[in-house]
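Only heavy atoms go into these numbers, but all of them, side chains included; no hydrogens, no water, no symmetry mates. Each ligand, and each atom within it, is numbered from 1 in the order the structure gives.
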Amino acid sequence: MTDRTHDHSALLQLRNVSRHFGSFRALDEVSLTVRAGARHAIIGPNGAGKSTLFGLISGTLPVTAGSILLDGKDVTRLPVYRRVGLGVAATFQHSSLFLRESVLENVLLALLRRPGVGLGGLRRVAARPQAIAQAHALLDQVGLPTRHELAAAELSHGERRQLEVAVALATDPRLLLLDEPAAGMSPAETARLTALLAALPGEVTVLLVEHDLDMVFELADTVTVMHLGRHLMTGAPDEVRASAAVQSAYLGTTEVPS
Ligand code: ADP
Ligand code: MG
């Protein structure tokens, strides 16, 4: 179903999206457009509803009200795997890697694109040289060229996040959702991740939730500020930095945009 009011530069549109938990409004009528090719960051204090919003976009959490359009197509009720098939890939605030499998196997499993594939499926795909070559290329791209045989559990925190990006890229996403990818990273790891995200091709639209505002202002061309389940503002990084409303939403936290 294609919507005639669809804005063609928009890859993702949220229209009056709400998510309630009982009587609590974690998200309250949020509307947002993410342009195709954007490097779009969402910021806001803890509890603003950022992760909830990602849950609604990826499909892990149903909306209470409102609609979600991908390329003008209503995906509001589609299950996660259908959205993955349409190009929505997410890395979550809490890692979803297979820690006992090797780095290479984690990427191979993602290349299968199917959730819940067993290790039998993995052996079949691993026997295909093309899949292995693709997995190697993805691991090079995210800066993990030499760690393929290690179990994912043996990677450093920063390397796990790099692997999560490789896993997300393996599904050939058009929209990459990253929820606090730099959380717990050292400055060097954050710099490496920032460079890797900056180098992603323009066909991959990036929607990023991040507390590290240096990273946000280095990467993003568009910034949305959320506060207490509401959309506060969306604008160019400089506009957002200068906004009094944003300054006040952050007051009392250590995350004042500078
Ligand atoms: P953020 O990612 O911006 O820190 P979240 O989206 O995780 O915020 O949470 C927004 C609000 O919704 C918080 O107050 C949180 O406690 C609440 N919340 C999130 N998930 C649930 C849930 N499953 N049940 C009840 N409340 C929830
Ligand atoms: Mg969160």
Side-chain angles (χ1 to χ4, degrees), residues 12-34 38-68 75-77 79-80 83 88-97 157-158 160-161 164-165 167-168 173 175-185 189-190 193-194 197 206-217 219-220 222-235 237 240-241 243 245-257:
L12 177 73
Q13 280 185 289
L14 306 179
R15 294 184 176 169
N16 298 318
V17 166
S18 296
R19 172 67 210 199
H20 301 172
F21 294 107
S23 61
F24 177 72
R25 298 176 180 207
L27 285 174
D28 198 14
E29 304 214 347
V30 171
S31 293
L32 183 67
T33 296
V34 177
R39 300 288 174 261
H40 194 138
I42 300 180
I43 64 173
N46 281 330
K50 306 178 300 294
S51 294
T52 301
L53 192 69
F54 270 23
L56 302 186
I57 297 168
S58 64
T60 56
L61 198 62
V63 303
T64 303
S67 54
I68 302 174
V75 300
T76 314
R77 309 281 158 202
V80 174
R83 299 191 206 194
V88 179
T91 74
F92 297 96
Q93 199 168 2
H94 303 288
S95 174
S96 52
L97 296 176
H157 182 78
R160 282 192 202 184
R161 292 260 132 144
E164 285 170 39
V165 175
V167 164
L175 177 63
L176 180 58
L177 305 172
L178 299 159
D179 194 351
E180 299 196 30
M185 280 192 170
E189 287 174 330
T190 302
L193 180 71
T194 304
L197 296 178
V206 177
L207 186 58
L208 168 80
V209 166
E210 187 46 63
H211 280 298
D212 183 330
L213 294 180
D214 289 336
M215 183 185 189
V216 164
F217 287 111
L219 271 179
T222 311
V223 179
T224 290
V225 187
M226 293 185 53
H227 188 45
L228 298 174
R230 291 178 176 260
H231 174 273
L232 211 61
M233 82 173 286
T234 293
V240 168
R241 225 196 291 247
S243 155
V246 172
Q247 301 281 347
S248 83
Y250 273 92
L251 274 184
T253 78
T254 54
E255 299 146 0
V256 179

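- Close approach to Phe24 involves these atoms of ligand 1, each under 4.0 Å from a residue heavy atom: 11 (C), 12 (O), 14 (O), 17 (C).
- Comparing Pro45, Gly47, Gly44 by heavy-atom distance to atom 10 (C) of ligand 1, the nearest is Gly47.
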Apply the test side-chain contact (heavy atoms from CB on, under 4.5 Å) to residues Leu14 and Ser31: give CA-CA distance (whole Å), side-chain angles for both, the deciding distance (0.1 Å), then the verdict.
CA-CA 5 Å; Leu14 306 179; Ser31 293; 5.7 Å; no
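- Within the 4.0 Å heavy-atom cutoff, Gly49 counts among the residues contacting ligand 1.
- Closest of all the heavy-atom pairs between Met215 and Ala182 is SD-CB, 3.7 Å.
- A donor and an acceptor atom, one from each side chain of His40 and Thr224, are located under 3.5 Å apart.
- Shown in contact with Ser51 at under 4.0 Å from a heavy atom are these atoms of ligand 1, numbered in order with element: 1 (P), 2 (O), 6 (O), 7 (O).
- At least one N/O-N/O distance between Ala48 and ligand 1 falls below 3.5 Å.
- Checking Val225, Val240, Ile43 one by one against Leu232, the side chain to side chain contact (heavy atoms under 4.5 Å, CB included) holds for a single residue, Val225.
- Of the residues listed (Val223, Leu32, Leu208, Val216), the one engaging Ile42 in a side chain to side chain contact (heavy atoms under 4.5 Å, CB included) is Leu32, and it is the only one.
- Among the atoms of Ser51, an N, O or S atom falls under 2.8 Å of the Mg ion (ligand 2).
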